[in-house]
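Numbered from 1 within each chain, the chains take letters A, B, ... in sequence-line order.
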Number of protein chains: 2
Amino acid sequence: MRDEKKVSGAVIKRLPKYYRYLSVLRQMGITRVSSNDLSKKIEITPSQVRQDFFNFGSFGLQGYGYEVEPLMQEIGNILGMDQINQMIILGAGNLGQALANHASFEKRGFKIVGMFDVNPYCIGQVVRGIEIMHFDSLAEFMGRHSVDIAVITVPREHAREAADKAISLGIKGIWNFASVEFEVPKDVAIEHIHLSESLMALSYKIKENRASIR
Amino acid sequence: MRDEKKVSGAVIKRLPKYYRYLSVLRQMGITRVSSNDLSKKIEITPSQVRQDFFNFGSFGLQGYGYEVEPLMQEIGNILGMDQINQMIILGAGNLGQALANHASFEKRGFKIVGMFDVNPYCIGQVVRGIEIMHFDSLAEFMGRHSVDIAVITVPREHAREAADKAISLGIKGIWNFASVEFEVPKDVAIEHIHLSESLMALSYKIKENRASIR
DNA sequence: TAGATTGTTAATCGATTAACAATC
DNA sequence: TAGATTGTTAATCGATTAACAATC
């Protein structure tokens, strides 16, 4: 890994795309790929593919291209797919349960180990083998388990509180679905899924398309 | 609106953030805000706030700042919040139902008018007042209703098929939750929510944090 | 070897930031 | 009027693209 200079967010956002497409190629039995092939699928230039990889080392062979399997492995390692991330879901409502049922996360090494809520109605229910526990037992649970990621699917007004609690208990990353932005300590990673922002951007694009037709 | 030159995606992504923060200010009864105030909350520079608005016109008053209410109105209009977008949900599984239950979309003018699936078990069920219909009746339904947006929450392998169907029936925008990327005609807008990509980016950040601690 | 394609440096482009005149 | 803050142009920075030598 080229040390020191930090890799830009734009590059990181593309890595999973490479990873996904490489897994498709592998499934198709294709063992070799060029930066040109990759670039077409991800809709960027071949230059950028090579520039992106260059941030982390050299994974190809001049005059030949890249071996699919080892390249996928390398990118996977960069992304941390070589280790399992244990997750808890804070907020076992519709969205929380939908995420718990999303089998493909587990295939990628993201394992849900607990779900928490305050609603007495859903506590004790079992979703995909995971029992929904009361939020009050979170501290005790995290004492017994090594949890890496907290998924925040509680209502907006409780999001910060849930995140703060998880952080104080030593969480490493937060995957936030509540439409609030909050600050976290530098050593806690955070990714936001802002559904309504995405929807508003879509609305903008639709409006723009309508305007350009007229 | 400054015509001709297309507004960059980065700007569009920030508009909903301004909009959201303005709605918070309004709720707090604050009527006036400066680019400096706004910039602190969105974590950008005051320059960028003004530059962003400059793409669309001038909404402020020199020496004074911006009136919260009218500014929010303007940004809302740019984003198309002045009209209602009718949505259908294709795929009434956990995620589809979670989105249907997400009340805040409707407050922003995104109205779910139908849900579709192929699973006989869920067809006929009613979620938040919306009956789940069979996918086969989609064409007939869209003939009777004016639908703007299709939300794709079917499994990955059926995503393209569902999108193609909706496009052929005249959909204006696609909100895609399936982890596949597909091409759509230029006059169809699309926004992707790539959950596993976000999760992988989170994994990267966590790994990076761990590395920098050592 | 000849052809191909990477790794890597240099050039370009676009987005962000700075500066400041306009003006409330 | 004096002070403040926008609107807008110019400077800077970073990311993307191009180019090409290295080399398989």
Side-chain angles (χ1 to χ4, degrees), chain A residues 1-18 21-22 25 30-75 78 201 204, chain B residues 1-18 21-22 25 30-75 78 201 204:
Chain A
M1 165 143 55
R2 300 272 179 289
D3 272 338
E4 310 312 330
K5 74 154 181 276
K6 197 161 164 274
V7 179
S8 88
V11 176
I12 306 308
K13 286 251 158 61
R14 282 191 294 268
L15 292 181
K17 291 186 196 292
Y18 295 128
Y21 182 52
L22 286 167
L25 287 179
I30 293 169
T31 59
R32 175 184 162 180
V33 68
S34 71
S35 59
N36 196 41
D37 299 339
L38 277 168
S39 75
K40 275 182 202 139
K41 288 293 165 183
I42 321 277
E43 298 212 311
I44 54 179
T45 60
S47 249
Q48 191 159 42
V49 173
R50 298 200 297 276
Q51 200 58 275
D52 283 352
F53 295 169
F54 182 58
N55 283 286
F56 302 99
S58 39
F59 309 135
L61 209 60
Q62 276 126 324
Y64 177 84
Y66 304 88
E67 294 277 1
V68 169
E69 179 69 39
L71 179 60
M72 190 180 161
Q73 199 71 29
E74 289 280 7
I75 295 176
I78 293 164
Y204 173 85
Chain B
M1 165 145 53
R2 301 274 179 285
D3 272 336
E4 310 313 330
K5 74 153 180 276
K6 197 163 165 268
V7 179
S8 88
V11 176
I12 306 309
K13 286 251 158 59
R14 281 191 295 268
L15 291 182
K17 291 187 196 292
Y18 295 128
Y21 183 53
L22 287 167
L25 288 179
I30 295 168
T31 60
R32 175 184 164 180
V33 69
S34 70
S35 59
N36 196 41
D37 299 338
L38 276 168
S39 74
K40 273 181 203 139
K41 287 294 163 181
I42 322 276
E43 299 212 312
I44 54 180
T45 60
S47 249
Q48 190 158 44
V49 173
R50 298 200 297 275
Q51 203 54 279
D52 282 351
F53 296 170
F54 182 57
N55 283 285
F56 302 99
S58 39
F59 310 134
L61 209 60
Q62 276 126 324
Y64 177 85
Y66 305 87
E67 294 278 0
V68 170
E69 179 69 39
L71 179 59
M72 188 178 161
Q73 199 72 28
E74 290 280 6
I75 295 176
I78 293 165
Y204 174 86

Separation of [N] [atom2] from [X] [atom1] (nearest whole Å):
{"X": "B:E43", "N": "C:dT17", "atom1": "CD", "atom2": "P", "value": "12 Å"}
{"X": "A:I12", "N": "D:dG14", "atom1": "CD1", "atom2": "C1'", "value": "15 Å"}
{"X": "A:D52", "N": "C:dG7", "atom1": "CG", "atom2": "P", "value": "12 Å"}
{"X": "A:I44", "N": "D:dA18", "atom1": "CD1", "atom2": "C1'", "value": "15 Å"}

Is the shortest heavy-atom distance from the side chain of [X] to the side chain of [Y] under 4.5 Å?
{"X": "A:D52", "Y": "A:Q48", "value": "yes"}
{"X": "A:L38", "Y": "A:F53", "value": "yes"}
{"X": "A:V7", "Y": "A:F56", "value": "yes"}

Give one of base, sugar-phosphate or nothing for B:S34, where a contact means two heavy atoms less than 4.0 Å apart.
-> sugar-phosphate

Can you tell me if the side-chain N/O atoms of A:R14 get under 4.0 Å from OP1 or OP2 in D:dT16?
-> yes

Look at the side-chain N and O atoms of B:Y66 and state whether any lies under 4.0 Å from the OP1 or OP2 oxygen of D:dA4.
-> no

Return the nearest nucleotide to the side chain of [X]; candidates are [options].
{"X": "A:R50", "options": "D:dT6, D:dT17, C:dT6", "result": "C:dT6"}
{"X": "B:Q48", "options": "D:dT17, D:dC24, C:dT17", "result": "C:dT17"}
{"X": "A:F54", "options": "C:dA19, D:dA19, C:dT9", "result": "C:dT9"}
{"X": "B:Q51", "options": "C:dT8, C:dT16, D:dT6", "result": "C:dT16"}

Looking only at N and O atoms, is any donor in the side chain of A:S8 or the base of D:dA15 less than 3.5 Å from an acceptor on the other one?
-> no

When only distance counts, do a donor and an acceptor, one from the side chain of A:Q62 and one from the base of C:dT5, lie under 3.5 Å apart?
-> no

Map B:G63 and A:G9 onto DNA chain D by nearest heavy atom, then report which one ends up closer to the 5' terminus.
-> B:G63

Whom does D:dA21 pair with, Watson-Crick or G-U wobble, provided both distances fall under 3.5 Å?
-> C:dT6

By nearest-heavy-atom nucleotide on DNA chain C, the more 5' of B:T45 and A:S35 is A:S35

